[in-house]
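Before any comments, here is the structure.
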Amino acid sequence: MPEGPEVEIVKRGLLAIKNQQISQIIVSNHPKYNLIQDRLSHISRVLDIHRIGKFLIWEFDSNVFAINHLGMTGIWSIQNTKEESNLQELVLKKHFKLGFHCDSGDFFMFEDIRTFGRFEIYNDDPRKFHPTLVNMGPDILDKNFSNVEFSKRLKGKGSRGRSAEIGNALLNQSIIAGCGNIYKSESLFLSNIDPRRKVNTLSDTEMNKLGESLQIVAKKALEAGGSTIRDFVTVDGYDGLMQNEFKIYGKENEPCPNCQSTIIKIKQGGRSTYLCAKCQK
DNA sequence: CCAGCAGCCTGTGCGC
DNA sequence: TGCGCACAGGCTGCTG
């Protein structure tokens, strides 16, 4: 579901839980979740929530951490439960997975339709040792984003460079963190680069331009409150507006905003990719 | 080390 | 109205 900017927006909303007193943790019976109840039994507060790429890292008291990923359809929301019946209703919802009930009455609830999401408990900060997190590439929202580091990872370690298509490489989080299928198409369009180009054919100038474009698109998405195609909403239930700003994503058969030629849709690695074959070389 | 692919899931929208 | 199919914003683990 969400890419880096959407996860950042979710994180900012969730920070409302910081330092609240958690009175009750409710976990669904789903096999992916039913074991975490015990491992959360000693926690009473959230100290902080961090984002790394599309992952949220929850930092609780008692030295407990969680790796939380929204997958495609994970949704956090803040619900009011002044009446006990409200709470019962919420936890019975079909895709309810996990919830933190606070003394204030706030109920922080995680739902996940396709259960691609995760909430896994650790006794140390997983950013220090979890391979996926340790190897994460530069983040598209990082103010100190390094084009040098991005290019280095894009080129890979072999002398011949990567043979993957750039459209696929941008979904590799160890190359660039926080980019997903939508912003992939948007930033390649902004860079005038054809998604089918092999990474090892890109010039340094093109890589730099791509690095810049990724940041421009991500920043714009963040300011627009994220993209709501289907499921994404803020924790307060608001849709994003970035989908109204798309230049290319989802615009098959529509005219290119630059040159008016017809936008095409192709399959790359099983995913839809949109491009203007005239503008993107 | 790298590229490609199946698999994990449910819901929706389309054509027939 | 119902059925089958393709598709959906992501990641992991396996193969070669």
Side-chain angles (χ1 to χ4, degrees), chain A residues 1-10 28 30-33 51-56 67-76 93-97 110-120 126 130-137 140 152-188 195-200 214 217-218 221-222 224-234 239-246 248-253 265-274:
Chain A
M1 167 195 152
E3 306 186 26
E6 287 75 21
V7 178
E8 176 64 25
I9 290 161
V10 169
S28 90
H30 190 282
K32 247 175 134 174
Y33 290 84
R51 182 185 62 81
I52 172 163
K54 300 173 203 169
F55 289 84
L56 292 173
I67 291 181
N68 179 205
H69 198 289
L70 309 184
M72 300 255 254
T73 53
I75 295 171
W76 277 104
K93 286 180 82 170
K94 192 169 179 185
H95 301 296
F96 171 84
K97 294 292 179 291
F110 187 57
E111 295 166 274
D112 187 7
I113 297 167
R114 287 170 75 180
T115 59
F116 284 4
R118 297 155 59 178
F119 200 97
E120 298 161 357
H130 192 285
T132 302
L133 304 181
V134 169
N135 295 327
M136 198 69 68
I140 50 173
K152 189 177 146 197
R153 286 169 178 259
L154 201 48
K155 287 173 184 167
K157 292 184 179 171
S159 55
R160 285 187 300 267
R162 285 180 191 275
S163 59
E165 294 177 352
I166 184 63
N168 284 331
L170 290 182
L171 297 180
N172 182 339
Q173 302 295 297
S174 70
I175 295 174
I176 176 88
C179 180
N181 203 44
I182 293 178
Y183 302 144
K184 168 195 86 179
S185 282
E186 291 293 319
S187 51
L188 283 167
R196 297 166 290 194
R197 285 272 298 284
K198 305 272 190 187
V199 172
N200 56 20
L214 284 157
V217 168
L222 183 62
S227 299
T228 300
I229 302 290
R230 169 172 262 147
D231 300 309
F232 172 74
V233 283
T234 68
D239 284 358
L241 294 172
M242 183 60 184
Q243 64 280 5
N244 302 326
E245 308 293 327
F246 293 166
I248 198 101
Y249 181 85
K251 308 267 185 208
E252 187 185 16
N253 294 328
K265 174 182 171 181
I266 60 168
K267 281 277 174 198
Q268 269 189 317
R271 318 292 304 279
S272 293
T273 304
Y274 298 84

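All of these numbers come straight from a predicted model, not from anything done at the bench. Protein chains get the first letters and strands the later ones, always in sequence-line order, with residue 1 at the start of each.
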Assess whether side-chain contact (heavy atoms from CB on, under 4.5 Å) is satisfied between A:Lys97 and A:Thr115, documenting all intermediate values.
CA-CA 9 Å; A:Lys97 294 292 179 291; A:Thr115 59; 3.1 Å; yes

[X] vs [N]: side-chain N/O to OP1/OP2 distance below 4.0 Å:
{"X": "A:Lys157", "N": "B:dC2", "answer": "no"}
{"X": "A:Thr132", "N": "C:dT12", "answer": "yes"}
{"X": "A:Lys267", "N": "C:dA8", "answer": "yes"}

Say whether, by atom type as modelled, one donor and one acceptor occur between the side chain of [X] and the main chain of [Y] under 3.5 angstrom.
{"X": "A:Glu8", "Y": "A:Leu222", "value": "no"}
{"X": "A:Glu6", "Y": "A:Phe232", "value": "no"}
{"X": "A:Glu245", "Y": "A:Ala221", "value": "no"}
{"X": "A:Gln173", "Y": "A:Gly137", "value": "no"}
{"X": "A:Asp239", "Y": "A:Thr228", "value": "no"}
{"X": "A:Thr73", "Y": "A:Arg114", "value": "yes"}
{"X": "A:Ser185", "Y": "A:Ile182", "value": "no"}

Please state whether the rings of A:Phe55 and A:His69 are parallel, tilted or perpendicular, taking 30° and 60° as the class boundaries.
perpendicular

Whole angstrom value for the distance that separates [atom2] of [N] from [atom1] of [X]:
{"X": "A:Glu165", "N": "B:dC5", "atom1": "CD", "atom2": "P", "value": "10 Å"}
{"X": "A:Lys97", "N": "B:dT10", "atom1": "NZ", "atom2": "P", "value": "9 Å"}
{"X": "A:Lys93", "N": "B:dT10", "atom1": "NZ", "atom2": "P", "value": "18 Å"}

Tell me which of A:Gly269 and A:Gly158 sits closer to the 5' end of DNA chain B, going by the nucleotide each one is nearest to.
A:Gly158

Enter the distance from [X]:[atom1] to [Y]:[atom2] here, rounded to the nearest 0.5 Å.
{"X": "A:Thr132", "Y": "A:Ile67", "atom1": "OG1", "atom2": "CD1", "answer": "7.5 Å"}
{"X": "A:Phe119", "Y": "A:Asp112", "atom1": "CZ", "atom2": "CG", "answer": "12.5 Å"}
{"X": "A:Phe96", "Y": "A:Tyr33", "atom1": "CZ", "atom2": "OH", "answer": "10.5 Å"}

Have a look at [X] and say if it touches a base, only the backbone sugar-phosphate, or nothing, with a 4.0 Å heavy-atom cut-off.
{"X": "A:Lys184", "result": "nothing"}
{"X": "A:Gly117", "result": "nothing"}
{"X": "A:Ser163", "result": "sugar-phosphate"}
{"X": "A:Tyr183", "result": "nothing"}

Each base of DNA chain B marked ( ) or [ ] if paired in-strand (Watson-Crick or G-U under 3.5 Å), | if paired to another strand and . if unpaired gives .|||||||.|||||||

Can you check the distance between B:dA6 and C:dA6, where both ends of the measurement are the P atom (answer in whole Å)?
14 Å

Please report the distance separating the P of C:dC14 from the corresponding atom of B:dC9, rounded so that it comes out in whole Å.
16 Å

Which of these nucleotides, [options], is closest to any side-chain atom of [X]?
{"X": "A:Arg118", "options": "C:dT12, C:dC7, C:dG10", "result": "C:dT12"}
{"X": "A:Tyr249", "options": "B:dC1, C:dG10, C:dA8", "result": "C:dA8"}
{"X": "A:Arg271", "options": "C:dT12, B:dA3, C:dG10", "result": "C:dG10"}

Between the protein and nucleotides 13-16 of chain C, are there any N/O to N/O pairs under 3.5 Å, and if so, what are the atom names and distances?
none

In numerical order, the residues of residues 168-175 of chain A whose heavy atoms come under 4.0 Å of DNA chain C are A:Gln173

Can A:Phe116 be classed as stacking with the base of B:dC9, given a centroid separation cut-off of 5.5 Å and a plane angle cut-off of 30°?
no

Grab the N/O contacts between the protein and nucleotides 11-14 of chain B below 3.5 Å, and write none if there aren't any.
unit_1	atom_1	unit_2	atom_2	d
B:dG11	OP1	A:Lys94	NZ	3.1
B:dG11	OP1	A:His95	NE2	2.9

Using the salt bridge (Lys or Arg N to Asp or Glu O under 4.0 Å) criterion, which residues pair with A:Glu252? Sequence neighbours excluded.
none

NZ (A:Lys32) with more than 12 external heavy atoms under 6.0 Å:
yes

Applied to residues 154-174 of chain A, the salt bridge (charged side-chain N to carboxylate O under 4.0 Å, His left out) test, sequence neighbours excluded, yields A:Lys155-A:Asp204

